[in-house]
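The model shown is predicted, which means the values in this text are computed figures rather than measured ones.
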Amino acid sequence: MKVTKAGLPFLPLCQRLFPSSLAGLSVALLKATVLELAILAGHLLLYPSGIASERRATLALPSPDATRLPTEAKPPVVLLHGFIDNRSVFVLLRRNLAQHGRQHVESLNYSPLTCDIRTAAELLGRHIEEICERTGQDQVDIVGHSLGGLIARYYVQCLGGDTHVRTLVTLGTPHSGTRVAPLLNAHPIVRQMRPGSEVIEALRGPAPGCRTQFVSFWSDLDHIMDPLETACVDHPDLLAQNVRVSGVGHLALPVHPAVAAGIRQALDMDESDLRAATPDAVQNAVANAAQNAVRTGPQTGGLTVA
């Protein structure tokens with residue numbers, strides 16, 4: 001799935017200054033950087049609105065004699081943000097999911113002072129249990145961006161969360177650890193995201209019988225992932241598919257409409273779909289969903305999928 005932005009006025013200059021292969025890479029990087037800066041500016045404006053935890057509607061609990069929700073009802077979707085962020089990063093994705101039939105979507109905040117992924121995963125587990133009890137559902141789906149995906153995976157894989165999480169979609173999550181920004185090692189959370197940390201090694205351990213299905217989106221221009229492939233789920237015991245996104249930076253992953261379409265496609269897949277599908281088939285299905293979304297939906301920023 002390759003995502004690009006409308007041509008920039010200085011595109012011909014870049015093509016003259018660099019050989020064709022380098023020019024293509026340089027222009028793609030430039031486009032992604034411009035998009036990242038625009039998203040960062042917008043996110044800084046929205047950030048204050050997401051500091052407080054969202055208000056959750058109180059749903060009427062079913063009586064003991066009432067039947068459970070229909071099996072065809074879609075599970076609630078829980079959105080979990082990344083490092084030093086909050087729920088405001090999911091404003092567009094939440095709206096997108098709601099417009100396409102996801103009736104119950106919640107964005108969770110964890111404290112920016114959180115210093116341990118394992119503690120955050122335990123807190124997530126309590127939130128998930130409360131959501132299941134409140135909605136009458138047995139399971140939820142989770143979409144985690146960056147660190148949020150790592151917290152969710154630790155809950156699923158190491159704390160028994162696979163009983164409550166049907167599908168975990170991760171966006172630019174350092175599943176194998178990332179080496180970026182070594183100067184930030186003073187923060188304990190950053191140290192836990194390094195290759196070889198106790199958390200990363202725990203996720204590499206055996207996970208027989210894990211019932212959650214994983215879909216990870218990773219980008220070839222994600223400057224936070226070092227190496228890039230660390231955003232892929234690579235574990236022999238996990239049912240996982242990895243989807244490559246081209247030309248989209250780290251901050252754009254939870255915002256880009258084509259990626260949102262891919263997330264919806266991933267959430268609509270059940271276990272039999274993932275087990276029967278080849279990686280290419282999943283990649284094509286997600287890419288087709290993204291392509292249709294961009295062609296039929298609003299043309300945000302001249303985005304196209306090729």
Side-chain angles (χ1 to χ4, degrees), residues 53-54 56-62 64 66-82 87 90 93-94 97-98 101-111 114 116-171 173 175 199 202-203 205-217 233 235 237-241 254 263-275:
S53 298
E54 69 180 10
R56 300 185 180 95
T58 302
L59 302 178
L61 292 177
T67 58
R68 300 287 287 178
L69 291 174
T71 56
E72 66 269 19
K74 295 180 179 180
V77 178
V78 177
L79 307 177
L80 199 60
H81 63 79
R87 62 186 176 87
F90 290 120
L93 178 59
R94 178 175 184 151
L97 292 173
R102 291 284 174 165
Q103 298 179 356
H104 194 103
V105 182
E106 295 195 11
S107 302
L108 299 183
N109 274 355
Y110 55 88
S111 171
T114 298
D116 194 321
I117 289 174
R118 294 161 292 195
T119 301
E122 293 174 359
L123 181 60
L124 173 64
R126 291 197 288 271
H127 279 303
I128 297 299
E129 291 174 1
E130 186 272 331
I131 291 171
C132 288
E133 181 179 359
R134 173 160 43 88
T135 62
Q137 290 276 14
D138 295 322
Q139 292 183 307
V140 303
D141 292 333
I142 299 180
V143 179
H145 178 228
S146 196
L147 173 61
L150 206 59
I151 292 172
R153 181 177 170 187
Y154 192 91
Y155 165 62
V156 164
Q157 193 174 328
C158 301
L159 300 179
D162 60 319
T163 59
H164 290 305
V165 180
R166 185 187 69 105
T167 301
L168 171 57
V169 176
T170 64
L171 313 172
T173 291
H175 291 284
V199 169
L203 295 178
C210 183
R211 287 159 283 192
T212 298
Q213 56 195 31
F214 296 79
V215 179
S216 65
F217 288 78
V233 176
H235 195 293
D237 294 334
L238 301 181
L239 177 59
Q241 294 287 357
I263 293 171
R264 297 198 312 269
Q265 179 76 15
L267 293 178
D268 286 341
M269 290 182 175
D270 57 26
E271 181 177 349
S272 60
D273 293 330
L274 279 181
R275 289 193 182 277

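Contact between Ile128 and His164 at its shortest, heavy atoms only, is CG2-CB, 3.7 Å. Listed here is the closest heavy atom pair of Arg166 and Met269: NH1-O, 3.3 Å. Of all heavy-atom pairs spanning Pro254 and Leu93, the tightest one is O-CB, 3.6 Å. Across all non-hydrogen atoms, the minimal contact from Asp237 to Pro206 is OD2-CA, 3.5 Å. Minimum heavy-atom separation, Leu168 to Ala152: CD1-CB, 3.6 Å.
Residue Thr212 is tested with Asp141, Val165, Leu238 for a side-chain contact (heavy atoms from CB on, under 4.5 Å); the sole match is Val165.
No side-chain donor-acceptor contact under 3.5 Å links His81 to the backbone of Leu147. Between the side chain of Tyr154 and the backbone N or O of Gly149 there is no donor-acceptor pair closer than 3.5 Å.
Under the side chain to side chain contact (heavy atoms under 4.5 Å, CB included) criterion, Thr119 pairs with Asp116, sequence neighbours left out. The ring pair (Phe, Tyr, Trp, His ring centres under 6.0 Å) search around His175 returns none, not counting sequence neighbours.
A salt bridge (Lys or Arg N to Asp or Glu O under 4.0 Å) check over residues 149-162, counting only residues at least two apart or in different chains, returns the pairs Asp162-Arg211.
In this structure, the side chains of Leu159 and Leu124 stay at 4.5 Å or more apart for every pair of heavy atoms. Residues Leu203 and Leu150 have side chains in contact (heavy-atom distance under 4.5 Å, counting atoms from C-beta outward).
The CG atom of Asp268 sits 9.5 Å away from atom OG1 of Thr167, with the distance rounded to the nearest 0.5 Å.
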